[in-house]
Amino acid sequence: MKCSGVMFQVLNTMIRRNCRMMTPAMLRNELERVLESSVRSIWGETIPDDFRAVVTGANDLQFGDLSCQAAMRLAGIVKDNPRSIAGKITEALDVSIEGISAVSIDGPGFLNFRLNEGYLTSTSFKLASGGLQLLLPDTGAGREALVEFVSSNPTGPLTVGHCRQAVLGETISSLLEVSGWKVSREYYFNDSGRQMALLGESLAVRYLSAEGGEAAIPDGGYHGSYIIEWAADLKAEYGTGLKWESDRDTFIRFAEEKAIKMIRSDLSLLGIEFDRYFSESELIPGAVMDAVEKLSAITVDGSSLVYQSDSGKLWVRFTALGRPEDRVMIRDDGTYTYRMPDIAYHLDKFSRNYDLMVDIFGADHLDTSRDVTAALECLLGKEDVREKLKVVIHQFVTLVKDGRKVKMSTRSGEFVTLRELINDVGSSDVTKYLFLTRRAEAHMDFDLDLARKQSSENPVYYVQYAHARIAGILRAAGEAGISSPHEFSSSIAELLEGEYERELMRLLESVPVNVTAAAEEMEPHRLTEILADLAAGFHRFYQHVRVVDTDNMDISAARLMLCKACRRCIRDLLGILGVNAPDRM
RNA sequence: GCGCCCGUAGCUCAGCUGGAUAGAGCAGCGGACUUCUAAUCCGCAGGCCACAGGUUCGAAUCCUGUCGGGCGUACCA
C-alpha cells in the first residue's frame with residue numbers, strides 16, 4: 001500500500017490476546033475515544049463538550065481502511081491548519097489500539113488508519129464460524145419494538161404500491177431483529193368505515209345480478225372482477241336468498257373475510273407473516289370515546305383543543321398544535337373520521353409499553369400521520385413520542401408497462417396486483433431485491449418490461465451467483481479433503497496477505513457497522529449496496545485467486561476460511577432481505 | 001396558493017454528522033474460459049450533480065429563490 005502522508009507512524013502491530021473479542025464497532029469506538037482524549041489532552045477547555053472524532057471507512061483503498069476528519073473540523077476552533085493539528089493529534093496518540101497498524105496524515109488533513117492483518121483475519125474467522133450476528137452490537141438489547149406496515153383496507157388484493165411497503169416493513173423488522181430488538185409485526189385494518197359498506201354493497205350488486213351488473217355498482221364502489229368470484233362463492237355458501245340492506249352485515253362480513261384471506265395469501269408470496277391483525281372495530285366505541293375524552297380535557301392557549309360546530313360536528317383544533325388545519329373528528333351523524341380511530345390505535349400501541357414503534361406509510365398518509373403524531377405528543381408528552389415513535393414515509397411506485405405509466409386505483413379495479421407483479425417479474429426474490437435498491441423517500445419507476453427482461457442479469461442474481469460459487473468451492477474442497485482451520489491463529493493471517501484476500505477481508509470487516517447504520521437509520525436499501533459490494537469483492541477474488549489446491553494445503557485451508565466467511569455473510573444479509581441464498585444456480 | 005418528497009452518466013439509481021480525482025447496474029465499444037459454475041472478470045467511453053445566488057478553508061450534500069416531476073391539502077382510508 002502506498003502511503004502519501006508526511007507523517008507515518010507505525011503503531012503496535014501485535015495481536016493481543018483479547019483481540020478475539022474485538023468487534024468492528026468496538027474497534028471504531030475505541031479509536032474514537034482515544035482520538036478524543038488525545039484532542040482534549042492537547043487543547044483542553046477550547047474543545048466543545050459535544051466534539052466527537054468520528055471515524056468512518058476511508059473512501060479509497062489508497063488512503064487506508066479507516067478515516068477521521070477531526071483535524072479539519074478543529075481548524076476553526078483551535079486556530080491552526082488541519083495538517084498541523086493532525087500531526088499534534090498523532091503525536092499524542094500514545095495508546096496503541098489493537099487492530100490498527102498504522103496512521104497517516106493525507107490530503108488536506110485526513111487522519112487515515114490501516115487495519116492490521118491479524119485483526120482482519122480474526123474478524124473473518126468470527127464471521128465464518130459464528131455468522132454476522134456475532135459481530136453486530138446488541139443495540140436493541142432485547143427491548144420490544146412494534147412495526148406497523150401494509151395496513152391496507154381489506155377491500156381487495158394488494159397492489160404494487162403495497163408491495164413496496166410490505167418489503168420495506170418486513171426488511172426493517174428483520175434489521176431491528178438482528179440488532180437485538182424483539183419485533184412484533186402488526187397490520188391495522190379499517191373494517192368499520194364507509195369503505196367496508198361500499199365493498200359490501202358492491203358485492204351485493206354482483207351477487208344479485210345474474211350477469212355482472214356493472215352499472216348498478218354504487219358511486220365510489222369497487223369494480224374489481226375479483227368481487228364477481230366472491231359473489232359466486234357467496235351463492236354457493238348461502239344460496240340465492242340474500243337481500244341487500246336486510247342482509248347487509250352478511251355481505252360486508254363475507255367480503256371482509258374474503259379480502260383478508262386474499263391479502264394474507266398475497267403477503268405469503270413475499271414470505272411475510274404478521275404477528276397480529278389489529279381490527280379498527282376493536283376500538284369502537286370504547287377506546288375511541290376514551291381518546292375523544294382525553295383530547296377534550298386538553299386546553300391550549302386558554303381554550304379547549306376540541307370544539308363543536310353548529311351542525312354538531314366535533315373538531316380538533318390542530319392549528320393550536322402547529323398543524324395547518326383543524327379537522328373534523330366526529331361527523332354530524334356520530335360516526336368517526338379516520339383520524340380519530342388512528343389516534344386511539346396509537347394510544348393503544350403506547351399503552352402496550354413498546355420501546356419503539358415504527359409506522360410505515362405511503363406518501364399519501366403523511367398529513368394524517370403528522371396530525372396523529374401532534375395529537376399524541378400533546379396527550380403523552382413530546383419527549384416520549386419523539387423518542388419512541390418513528391414514521392417512515394415512502395414515495396409511490398409508478399408502474400411502467402409497455403412504455404406507458406399505469407394509473408392505479410383499487411376502487412376502479414384498474415391496478416396491477418402484487419401477485420401479478422411477482423408472476424410477471426418471474427420471482428419474488430427479484431421483486432423484493434429491486435424494491436430495496438432505492439431509498440424509501442425516492443420515487444420509483446418500476447418498469448415491468450425491463451424487470452422481466454433484466455431478470456437474467458439482475459443485480460440479485462449477481463449476489464446469489466457469488467453465493468452459489470462459494471458453495472461450489474466448498475463442495476470441491478470437501479472432495480479434495482481440505483477443511484478450513486477450526487481455531488484462529490496468527491499463522492492464518494500470514495497466509496492471507498495477498499491483495500485480493502485483504503480487499504475481501506476489509507469488505508467483510510466493514511459489513512457489521514454498515515448493517516448497524518442501516519438499522520439505526522431504518523434504511524434497508526443500504527443492505528443491497530453492501531451486498532453488491534461484497535459480491536463484487538468476491539467475484540474479483542475468485543477471478544484472481546485459486547482456493548482449492550492440494551499442493552498448498554495450508555493456503556487452501558486459509559482461503560477456504562475466507563470463502564466461508566463471505567458465504568456466511570452473504571447468506572445472512574440475504575436472509576435479512578428475505579431473499580434465498582442458493583447453493584447452485 | 002400552501003405543506004412534504006424528488007431532480008446526479010443515454011436509462012434505473014447509490015453517494016455514510018459538509019471533505020481527498022462524483023460511483024454502480026443496464027445499454028454501447030474492446031479484451032479474458034484445457035484450471036473451484038463466464039449468471040464472472042478486466043479495460044474504454046459517457047456527468048456545469050436541474051438553474052441562480054448565499055454560508056464555509058471546502059457544497060451533489062446546508063440556507064434562500066426559480067424551474068420541472070410526484071403526493072397531500074376530504075366530513076375517503
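As a basis for the values below, the full set of heavy atoms in this structure was taken, side chains included, without hydrogen atoms, waters or symmetry mates. Chain letters run A, B, ... following the sequence lines, proteins first and then strands; every chain starts at 1.
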Query raised in the report: Closer than 4.0 Å, any side-chain N/O of A/H394 to the OP1 or OP2 of B/C71?
Result: no
Query raised in the report: Within less than 4.0 Å of OP1 or OP2 of B/G3, is there a side-chain N or O belonging to A/R370?
Result: no
Query raised in the report: Would you say A/N81 reaches B/C57's phosphate, i.e. side-chain N/O to OP1/OP2 under 4.0 Å?
Result: no
Requested in this report: Could you please name the option among B/U37, B/U40, B/G72 that lies closest to any side-chain atom of A/D364?
Outcome: B/G72
Report task. Looking at every strand, decide which applies to A/M329 at a 4.0 Å heavy-atom threshold: base, sugar-phosphate, or nothing. Result -> nothing
Query raised in the report: Going by an N to O cut-off under 4.0 Å, is there a salt bridge joining A/R327 and A/D367?
Result: yes
Query raised in the report: Roughly how far apart, to the nearest Å, are B/A20 and B/G58 at atom P?
Result: 14 Å
Query raised in the report: From the list B/C76, B/C36, B/C41, which nucleotide is the closest neighbour of the side chain of A/Y542?
Result: B/C36
Query raised in the report: Who is the Watson-Crick or G-U wobble partner of B/C51, with both distances under 3.5 Å?
Result: B/G65
Query raised in the report: When only distance counts, do a donor and an acceptor, one from the side chain of A/S67 and one from the base of B/A20, lie under 3.5 Å apart?
Result: yes
Query raised in the report: Is any side-chain nitrogen or oxygen of A/R469 closer than 4.0 Å to OP1 or OP2 of B/A38?
Result: yes
Query raised in the report: Using the purine O4'-C1'-N9-C4 or pyrimidine O4'-C1'-N1-C2 torsion, is B/C63 syn (within 90° of 0) or anti?
Result: anti
Report task. For A/P108 and for A/N514, find the nucleotide of RNA chain B with the closest heavy atom, then tell me which residue's nucleotide is more 5'. Result -> A/N514
Query raised in the report: Is a side-chain donor or acceptor of A/S202 paired with a backbone partner of A/Y222 at a separation under 3.5 angstrom?
Result: yes
Query raised in the report: For the base of B/A20, is there a side-chain donor-acceptor partner from A/N112 under 3.5 Å away?
Result: yes
Query - Nearest-angstrom distance from the residue atom CE of A/M585 to P of B/U37 - result: 14 Å
Query raised in the report: Choosing from B/C36, B/A14, B/C71, which nucleotide comes nearest the side chain of A/E529?
Result: B/A14
Requested in this report: Compare side-chain N and O positions of A/Y461 against OP1 and OP2 of B/A39 and report whether any pair is under 4.0 Å apart.
Outcome: no
Report summary line: Closest of B/C36, B/U37, B/U73 to the A/R546 side chain is B/C36
Report summary line: In whole angstroms, the gap separating P of B/G18 from CG of A/N59 amounts to 15 Å
**Report entry** Closest to the A/D367 side chain, choosing from B/U73, B/C36, B/C13
**Finding:** B/U73
Query raised in the report: At under 4.0 Å between heavy atoms, what does A/Q69 touch on the DNA or RNA strands: base, sugar-phosphate, or nothing?
Result: base
Query raised in the report: Looking for any heavy atom pair under 4.0 Å, which part of the strands does A/R439 touch: base, sugar-phosphate only, or nothing?
Result: sugar-phosphate
Query - For A/E503, all residues meeting salt bridge (Lys or Arg N to Asp or Glu O under 4.0 Å), sequence neighbours excluded - result: A/R540
Report task. Consider the side chain of A/F63, meaning its heavy atoms from C-beta on, and name the nucleotide among B/A20, B/G15, B/A39 that approaches it most closely. Result -> B/A20
Query - Gap between atom CZ of A/F396 and atom CD of A/Q165 - 0.5 Å precision - result: 9.5 Å
Query raised in the report: Heavy atoms under 4.0 Å, any strand shown: does A/D533 hit a base, just sugar-phosphate, or nothing?
Result: nothing
Report summary line: note: A/R164, atom CZ; B/C71, atom P; distance rounded to Å ~ 14 Å
Report task. Determine, for A/E523 against A/R439, whether the closest basic-nitrogen to carboxylate-oxygen distance falls under 4.0 angstrom. Result -> no
Query raised in the report: Would you call the rings of A/W315 and A/Y307 parallel, tilted or perpendicular if under 30° counts as parallel and over 60° as perpendicular?
Result: parallel
Report task. Could you check whether A/R52 gets within reach of a base, just the sugar-phosphate, or nothing at all, counting any heavy atom under 4.0 Å? Result -> nothing
**Report entry** Below 4.0 Å: OP1/OP2 of B/C76 and any side-chain N or O of A/R194
**Finding:** yes
Query raised in the report: If you check every side-chain atom of A/R73, which of B/U17, B/C76, B/A74 has the closest atom?
Result: B/U17
Report summary line: To the nearest angstrom, the CG-C1' distance between A/L61 and B/U21 comes to 15 Å
**Report entry** Spacing between A/L111 atom CG and B/G19 atom P, to the nearest angstrom
**Finding:** 16 Å
Requested in this report: Assign the ring pair A/H365 / A/F361 to parallel, tilted or perpendicular, where the plane angle (0 to 90°) is split at 30° and 60°.
Outcome: parallel
Query - Euclidean distance for P, B/A52 against B/C57 (whole angstrom) - result: 23 Å
Requested in this report: Have a look at A/E325 and say if it touches a base, only the backbone sugar-phosphate, or nothing, with a 4.0 Å heavy-atom cut-off.
Outcome: sugar-phosphate
Report task. For the side chain of A/R331, starting at C-beta, report the closest nucleotide among B/G19, B/A74, B/C76. Result -> B/C76
Requested in this report: With heavy atoms under 4.0 Å as the rule, sort A/A442 into base, sugar-phosphate or nothing.
Outcome: sugar-phosphate
Query raised in the report: Hey, what's the ring geometry for A/Y345 with A/Y188, parallel, tilted or perpendicular (30° and 60° as the breaks)?
Result: parallel
Query raised in the report: Quick one: does A/Q62 reach the base of B/U21 with a side-chain donor-acceptor pair under 3.5 Å?
Result: yes
**Report entry** Ring centroids of A/F396 and B/G70 base under 5.5 Å with planes under 30°
**Finding:** no
Requested in this report: Using only heavy-atom distances, decide whether a donor-acceptor pair under 3.5 angstrom links the side-chain of A/H539 to the base of B/C41.
Outcome: no
Requested in this report: Check the distance between B/C33's C1' and A/Q543's CD and give it to me in whole angstrom.
Outcome: 9 Å
Requested in this report: Would you say whether A/F110 stacks on B/A20? The test is a distance between ring centres of less than 5.5 Å and an angle between planes of less than 30°.
Outcome: yes
Query - Between B/C76 (P) and A/L199 (CG): distance, integer Å - result: 17 Å
Query raised in the report: At under 4.0 Å, does any side-chain N or O of A/Y433 touch on OP1 or OP2 of B/G25?
Result: no
Query raised in the report: Can A/R567 and A/D583 be counted as an ion pair, charged N to O under 4.0 angstrom?
Result: yes
Requested in this report: Return yes if the base of B/G69 and the side-chain atoms of A/H443 contain a donor-acceptor N/O pair under 3.5 Å, otherwise no.
Outcome: yes
Report task. Using atom CZ of A/F446 as one end and atom P of B/G70 as the other, report the distance to the nearest whole Å. Result -> 21 Å
Query - Side chain of A/Y465 - closest among B/A20, B/G19, B/A38 - result: B/A38
Report task. Can you tell me, in whole Å, how much space there is between the P of B/C6 and that of B/U17? Result -> 15 Å
Report summary line: Between A/A517 and A/S311, whichever has its closest RNA chain B nucleotide further toward 5' is A/A517
Report summary line: Side-chain atoms of A/H525 come closest, of B/A14, B/C71, B/C76, to B/A14
